[in-house]
Amino acid sequence: MVEEKPSKKRASSTEEKMRFLVEALSKWRVVEPWWQSERDPYRVLVGLLLGNRTSYALRQRYLPKFFEKFPSLDSLLEASEEELVEALRPFGLYKLRARMLRELAEKIAALGGLGAFLSLEPSKARELLLSVPGVGEKTADIVLAALFGKEVFVVDTHILRIAKRLGIVPSGSDLYEARRIMEPLIPRDKRIRVHLALIQLGREICRPRRPRCSECPLRPVCEYAAKKQLGASLSSLVARRASGPL
DNA sequence: TTCCTGCAAA
DNA sequence: TTTGCTGGAA
């Protein structure tokens, strides 16, 4: 941990930026959790696990095909290794994922099925999820949010990128440091909505490449946008001087 | 080329 | 702390 220098106080603090962010995003767009309209907890679970490190487009396209082949936890258990790998191939990371889904299915089956899993204490469910190879804290916690109603704020790649651009977290932060900083600054009942809204923002506007800053509701508190604006002003000034009379 | 709603082995 | 895993899309 680095000591925070009081002299380094910025015009807009992390706390102020987070307040703005929560406010702006709830006005920007109301994003309903997709897992609320999905009744089948098996699909929620698998959808979340396969969402990791996978683009939205890929998931939209191939997840329905996957569920056609494997509509239930039991179907995962009955499948051969090759069948599972084949169905997972378009998602990438298929060997790891085949093993992950297989082991998850086995552990839940050993427990007595999905119903038994869902009636676990959340902390026990988290433990089970973390014992599955390929499932880490980020994934376990988003499953707890979706299936156990935990009001957590989970940081993923999109949210980390946005937080760094805004200047809310240090540039070297990982998912977990960003979460430690941001989660306490979001009211519990808004954490899921803010999480989902940020992911959508990251996909559509604050994209990895060529972000659409002019359309961004968080622009007023964004360091990246401010720098970009400054850069644009300077270069247009230089261009004008260069093309102007002597 | 880089990156994708990470994770774990090295 | 770094690197491999993965095919597909931009």
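Treat the numbers as computed from the prediction; the structure is a model and nothing was measured. Letters A, B, ... mirror the listed sequences (proteins, then strands); counts begin at 1.
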Quiz prompt | Selection: residues 98-109 of chain A, any non-hydrogen atom under 4.0 Å of DNA chain C | solution = none
Quiz prompt | Upstream residue (5' side of DNA chain B) when A:L48 and A:V132 are each assigned their closest nucleotide | solution = A:L48
Quiz item: Considering heavy-atom distances to DNA chain C, does A:L96 or A:P90 have its closest nucleotide positioned more toward the 5' end?
Solution: A:L96
Quiz item: Heavy-atom count around A:E121 CD within 6.0 Å, excluding the residue itself: above 12?
Solution: no
Quiz item: When the distance from CZ of A:R165 to P of B:dC3 is rounded to whole Å, what number comes out?
Solution: 10 Å
Practice problem: Can you tell me the distance, in whole Å, between the CG atom of A:L175 and the P atom of B:dC7? | Solution: 7 Å
Quiz item: salt bridge (charged side-chain N to carboxylate O under 4.0 Å, His left out): which pairs involve residues 196-206 of chain A, sequence neighbours left out?
Solution: A:R29-A:E204
Quiz item: In chain order, what residues pass the side-chain contact (heavy atoms from CB on, under 4.5 Å) check against A:A125, with sequence neighbours excluded?
Solution: A:F117, A:L120, A:L144, A:F148
Quiz item: Nearest-Å distance, CD1 (A:I159) to C1' (B:dC4)?
Solution: 15 Å
Quiz item: Who passes side-chain contact (heavy atoms from CB on, under 4.5 Å) against A:S26, sequence neighbours left out?
Solution: none
Quiz prompt | salt bridge (charged side-chain N to carboxylate O under 4.0 Å, His left out): pairs with one or both residues in residues 122-146 of chain A, sequence neighbours excluded | solution = A:R126-A:E137, A:R126-A:D141, A:D141-A:R179
Quiz item: Considering only the P atoms, how many Å lie between C:dT6 and B:dA10, rounded to the nearest integer?
Solution: 14 Å
Practice problem: Return the residues of residues 49-67 of chain A meeting this criterion: a heavy atom under 4.0 Å from some atom of DNA chain C. Order them by number, or give none. | Solution: A:L58, A:R61
Quiz item: Should the pair A:K164-A:E223 be classified as a salt bridge under the 4.0 Å nitrogen-to-oxygen rule?
Solution: no
Quiz item: Counting only heavy atoms not in A:K65, do more than 12 sit closer than 6.0 Å to its NZ atom?
Solution: no
Practice problem: Would you mind reading off the distance between A:I162 atom CD1 and B:dC3 atom C1', rounded to a whole angstrom? | Solution: 15 Å
Self-check item: Those residues of residues 197-210 of chain A lying under 4.0 Å from DNA chain B by at least one heavy atom
Solution: A:I199, A:R203, A:P208, A:R209
Self-check item: side-chain contact (heavy atoms from CB on, under 4.5 Å) partners of A:L58, counting only residues at least two apart
Solution: A:T54, A:S55, A:Y62
Self-check item: Length of the NZ-C1' vector between A:K95 and B:dC7, whole Å
Solution: 17 Å
Practice problem: Could you pull out all residues at least two apart from A:R165 that satisfy side chain to side chain donor-acceptor pair (under 3.5 Å)? | Solution: none
Quiz item: Can you tell me how far P of C:dT6 sits from CG of A:L93, to the nearest Å?
Solution: 7 Å
Exercise. Nearest whole angstrom, please: distance from the C1' of C:dG7 to the CZ of A:F91.
Key: 11 Å
Exercise. Assign A:V135 to base, sugar-phosphate, or nothing according to its heavy-atom contacts below 4.0 angstrom with the strands shown.
Key: sugar-phosphate
Quiz item: Which pairs pass salt bridge (charged side-chain N to carboxylate O under 4.0 Å, His left out) with one or both residues in residues 148-162 of chain A, sequence neighbours excluded?
Solution: none
Quiz item: Quantified in whole Å, what is the P atom distance between nucleotide C:dT2 and nucleotide B:dT5?
Solution: 24 Å
Practice problem: Could you note down all residue pairs passing salt bridge (charged side-chain N to carboxylate O under 4.0 Å, His left out) where residues 82-92 of chain A supplies at least one of them, sequence neighbours left out? | Solution: A:E86-A:R89
Quiz item: What residues, two or more places apart in sequence or in another chain, satisfy side-chain contact (heavy atoms from CB on, under 4.5 Å) together with A:K227?
Solution: none
Practice problem: Could you state the atom-to-atom distance from CZ of A:R97 to P of C:dG7 in whole Å? | Solution: 12 Å
Quiz prompt | Position toward the 5' end of DNA chain B (nearest nucleotide), A:R161 or A:G136 | solution = A:R161
